[in-house]
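A quick note: this is a predicted structure, and the numbers were derived from the prediction, not measured. Ligands are counted one by one from 1 in listed order, and the atoms in each one are counted from 1 as well.
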Amino acid sequence: MKKIALAVHGGAGTIAKEQMTPVREKAYREALERALRNGHAVLSEGGEALEAVEAAVRVLEDSPLFNAGRGSVFNADGQHEMDASLMRGSDLAAGAVAGVQNVKNPVTLAKRVMLNSGHVLISGNGAFEFAHKQKIPLEDDQYFFDEFRYQQWKAAAGTDQVLLDHSDPERKFGTVGAVALDEHGHLAAATSTGGMTNKKWQRIGDSPLIGAGTYANDATCAVSCTGNGESFIRAVAAHDVHALMAYKGLELAEAVRIVVHEKLPPLDGDGGLIALDNRGNIVLDFNCSGMYRGRVGADGEFHTAIFK
Ligand code: ASP
C-alpha cells in the first residue's frame, strides 16, 4: 500500500459540548470529511502533497462553517481580511498572503505567490493586485457575509475586544489547515484564516507566517496551527515542532506534546495543531476543549472528530 497520509483541522478552542447539536456536529464532520476526500484523491492518484493540502483547504474555505475564505470573521471595520500560507517540505518553498480581501480562495493565492511572485509573503492592496494579475477568482462582499459572524462582530464592535472565533460560546469555528505526505515521500502544510473577530490595525496572526502557523520540511514533519495567533507567533510554534525533531531527535508525538502542552500554555497559547511526519505518523493535539479535525492514513480510512 502507498504510504500517503493527510490531516485537516477547522480550528480549535473552547467548544462547549452542550452547544453542539447532532445536526451541527454532522455538518462539521461532513465538511471535514469532504476536505479529506478532496485532498486524498490528489494523493491516491500520485499527486503532490502541496496540491493535496491546497485541495483540502479550498473545501474548508468554501464552507461558511469555518473562519476562512467564505466564512471569515468580521474585522473592526466590518470587513473581511484573510491570511493564508503554504509550504513544501522538499525544497522549503513557501508562499503567503496577509490581509487580503475578496479573494475566494486565499490558499490558492498563497500558492501563486510561492510559484510566480519571487516573494514569500505579500499583503493588502498589493496582494489584491497580484491576485488580479494571476486571474485568481474574486467574490464580492456579499459572498463573505454570514449572519452569525455579523452578530458575533456586532457584539464586540466599538469595543477593544478581539475574539478568537471559537471563543464565542455560540459559534466556535475556526481557522483551517491541512498537512499531507505524498507517495514520493514529500510533505506539505497549508493554513488559511479570517483571523480574529473585531481585529484592527490590519492585525496579522500566525497563519500566514512561515514557522509560526505553518511549516513543512521533508526531513521531519509538516505542521498547521490554530489558536491564539499572537502566542503561536511568539512560540514560533510550527517550526518548534520541527526543531525538536531535528535537533533533539524526538518523535513527532513527543515534539507536538511539548509545544502544545508545555510551551504554548505559559504564553496564553490556547489552541492546537495538526502534524504529520515523513513516515506517515499523524498527530492531532490541542490544549483546549476541542479541535475540528480529521485524518486519513495508509489504511485509507477517514476519521473526523471534534472533542477530546
Ligand atoms: N490563529 C488564528 C489567528 O490568530 C486564529 C485561529 O486559529 O482561529 O489569526
Side-chain angles (χ1 to χ4, degrees), residues 7-15 28 32 57 60-61 63-76 79-86 96-101 106-107 110 121 123 146 148-149 152-153 156 161-169 171-179 189-215 223-241 259-260 264 267-275 284-293 306:
V8 297
H9 71 77
T14 320
I15 304 174
Y28 300 135
L32 290 165
V57 165
L60 300 171
E61 286 179 338
S63 163
L65 293 176
F66 303 98
N67 173 21
R70 181 164 205 171
S72 291
V73 295
F74 288 83
N75 69 10
Q79 296 183 333
H80 307 281
E81 284 172 336
M82 299 169 285
D83 303 333
S85 66
L86 84 190
V97 292
V100 295
Q101 298 190 317
V107 72
L121 171 61
S123 68
D146 178 78
F148 284 97
R149 287 219 162 69
Q152 199 180 39
W153 168 62
Q161 252 191 320
V162 182
L163 302 171
L164 201 57
D165 185 37
H166 26 248
S167 63
D168 179 328
R171 303 280 293 176
K172 310 156 214 75
F173 325 118
T175 292
V176 306
V179 290
T191 310
S192 180
T193 189
M196 293 175 79
T197 297
N198 209 34
K199 63 184 179 180
K200 56 188 174 185
W201 303 318
Q202 297 181 321
R203 177 263 186 194
I204 295 167
D206 59 317
S207 307
L209 302 185
I210 298 302
T214 305
Y215 193 74
V223 180
S224 170
C225 301
T226 172
N228 194 5
E230 279 66 13
S231 316
F232 282 72
I233 295 172
R234 291 162 62 212
V236 202
H239 183 268
D240 206 27
V241 175
V259 172
V260 172
L264 283 164
L267 304 176
D268 294 324
D270 287 350
L273 59 84
I274 57 172
L284 317 172
D285 203 359
F286 47 98
N287 59 26
C288 44
S289 60
M291 178 165 79
Y292 298 94
R293 60 198 189 277
I306 299 174

Exercise. Are Gly227 and ligand 1 in contact, using a heavy-atom cut-off of under 4.0 Å?
Worked result: yes

Problem set entry | Sub-4.0 Å heavy-atom approach of Arg203 to ligand 1 | yes

Ligand 1 atoms in contact with [X] (distance to a heavy atom under 4.0 Å):
X	answer
Asp206	1 (N), 2 (C), 3 (C), 4 (O)
Thr226	6 (C), 7 (O), 8 (O)
Thr175	2 (C), 5 (C), 6 (C), 7 (O), 8 (O)

Exercise. ring-ring contact (aromatic ring centres under 6.0 Å, His included) between His80 and Phe74: does it pass, once the steps are laid out?
Worked result: CA-CA 5 Å; His80 307 281; Phe74 288 83; 4.4 Å; yes

Exercise. Would Arg203 and Glu81 satisfy salt bridge (charged side-chain N to carboxylate O under 4.0 Å, His left out), going step by step from the backbone distance to the final call?
Worked result: CA-CA 9 Å; Arg203 177 263 186 194; Glu81 284 172 336; over 6 Å; no

Exercise. Mind checking whether Gly195 has an N or O less than 3.5 Å away from an N or O of ligand 1?
Worked result: no

For this session: Would you give the length of the straight line joining atom CG of Leu60 to atom OG1 of Thr193, rounded to the nearest 0.5 angstrom?
Result: 12.0 Å

For this session: Measure the spacing between CG of Leu209 and CZ of Phe232 and express it to the nearest 0.5 Å.
Result: 13.0 Å

Problem set entry | Backbone of Ala190 reached by a side-chain donor or acceptor of Ser224 within 3.5 Å | yes

